[in-house]
Amino acid sequence: MSTIGNFLWFIFGGVFSGLSWSLVGLLWCLTIVGIPVGKQCFKLASVSFFPFKKEIEYGGGAVSVLFNIVWLLVSGIPLALEHLLWGILLCITVIGIPFGKQQFKLAKLALTPFGAKIVEK
């Protein structure tokens with residue numbers, strides 16, 4: 001079932017979400033200091049392209065908190081708002097509710113991506 005969900009997700013909006021994460025990652029990689037942030041964006045783009053059957057575990061230490069604060073101020077809020085808007089639009093229909101829930105999961109991830117670990121179910 002998750003394969004069908006991932007396929008439909010990719011066709012009906014996942015490609016745009018993944019591309020936005022990839023674009024943010026490319027922008028971060030323009031500077032040497034931003035390369036670790038860009039690499040994290042590329043990892044999270046893969047989750048955004050195919051989110052079904054993947055869970056996010058949050059953790060991390062002081063360095064993750066510092067990175068999350070900088071991330072939130074620079075890139076996190078626009079990505080989170082994008083996912084929140086898509087989630088609300090998808091939840092308008094009954095069929096779109098599972099896709100909307102995935103967008104809300106990605107919105108939370110967009111706010112605090114550092115210290116997050118991607119786990120396959």
Side-chain angles (χ1 to χ4, degrees):
M1 188 65 168
S2 65
T3 305
I4 294 170
N6 277 328
F7 177 73
L8 291 173
W9 169 268
F10 187 78
I11 298 291
F12 295 111
V15 67
F16 300 116
S17 296
L19 287 176
S20 63
W21 277 97
S22 298
L23 177 65
V24 170
L26 284 173
L27 290 174
W28 274 99
C29 285
L30 290 175
T31 65
I32 293 173
V33 176
I35 290 175
V37 179
K39 287 173 64 176
Q40 183 73 2
C41 288
F42 295 135
K43 278 196 287 186
L44 299 176
S46 69
V47 173
S48 189
F49 280 128
F50 303 108
F52 289 96
K53 206 172 180 186
K54 293 181 183 170
E55 285 188 11
I56 310 297
E57 292 179 356
Y58 293 94
V63 176
S64 295
V65 171
L66 291 175
F67 271 116
N68 279 329
I69 291 170
V70 172
W71 165 263
L72 186 63
L73 296 174
V74 177
S75 301
I77 293 174
L79 276 174
L81 289 175
E82 174 192 353
H83 289 299
L84 185 65
L85 177 67
W86 277 109
I88 291 169
L89 290 174
L90 286 167
C91 285
I92 290 173
T93 64
V94 174
I95 295 171
I97 290 175
F99 299 118
K101 287 173 63 176
Q102 294 301 319
Q103 287 286 1
F104 295 139
K105 177 175 80 172
L106 292 169
K108 180 181 176 187
L109 183 63
L111 292 175
T112 56
F114 297 97
K117 184 177 169 186
I118 302 164
V119 180
E120 296 277 337
K121 279 201 249 179

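When reading the values below, keep in mind they use all heavy atoms of this one structure, side chains included, and skip hydrogens, waters and symmetry mates. Remember, predicted model here, so these are calculated numbers, not experimental data.
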Check: Is the closest side-chain heavy-atom distance between F42 and W28 below 4.5 Å?
Finding: no
Next item on the list: Determine, using the 4.5 Å side-chain heavy-atom cutoff (strictly less than), whether V15 and F52 are members of one ILVMFWY cluster.
Entry: no
For residues 81-88, dump all side-chain donor-acceptor pairs below 3.5 Å to protein atoms at least two apart in sequence or in another chain.
unit_1: E82; atom_1: OE1; unit_2: S20; atom_2: OG; d: 3.2
unit_1: E82; atom_1: OE2; unit_2: S20; atom_2: OG; d: 3.4
unit_1: H83; atom_1: ND1; unit_2: Q103; atom_2: OE1; d: 2.7
unit_1: H83; atom_1: NE2; unit_2: W21; atom_2: NE1; d: 3.0

Checklist line | Spacing of L27 atom CG and S22 atom OG [to the nearest 0.5 Å] | finding: 11.0 Å
Checklist line | Taking every non-hydrogen atom, the tightest pair across A80 and A110 | finding: N-CB, 3.6 Å
Notebook entry, point to check: Nearest heavy-atom pair of N6 and P51: which atoms, and what distance?
Noted result: OD1-N, 3.4 Å
Notebook entry, point to check: Does a sphere of radius 6.0 Å around CD1 in I95 hold more than 12 heavy atoms from other residues, nucleotides or ligands, not counting ones at 6.0 Å or beyond?
Noted result: no
Note to self: Return the NZ to CD1 distance between K105 and I56, rounded to the nearest 0.5 Å.
What the structure shows: 5.5 Å
Notebook entry, point to check: Are any non-hydrogen side-chain atoms of T93 and F99 less than 4.5 angstrom apart?
Noted result: no
Note to self: Hydrophobic cluster membership, with links at side-chain heavy-atom distances under 4.5 Å among I/L/V/M/F/W/Y: are I11 and L8 in one?
What the structure shows: yes
Checklist line | Close side-chain approach of F67 to Q40, heavy-atom, < 4.5 Å | finding: no
Item checked: Cluster link L72 to L66, ILVMFWY, side chain under 4.5 Å -> no
Check: Same hydrophobic cluster for I4 and V47, using side-chain heavy-atom links shorter than 4.5 Å among ILVMFWY?
Finding: yes
Check: Given the rule that I, L, V, M, F, W and Y join up when any side-chain heavy atoms are under 4.5 Å apart, are I118 and W9 in one cluster?
Finding: yes
Check: With a cut-off of 6.0 Å (strictly less than), are more than 12 heavy atoms of other residues, nucleotides or ligands near CZ of F7?
Finding: no
Next item on the list: Fit a plane to each ring of F114 and W71, take the angle between them on a 0 to 90° scale, and name the class: parallel (under 30°), tilted (30 to 60°) or perpendicular (over 60°).
Entry: perpendicular
Item checked: Approximate separation, where rounding is to 0.5 Å, of S48 OG and L79 CG -> 8.5 Å
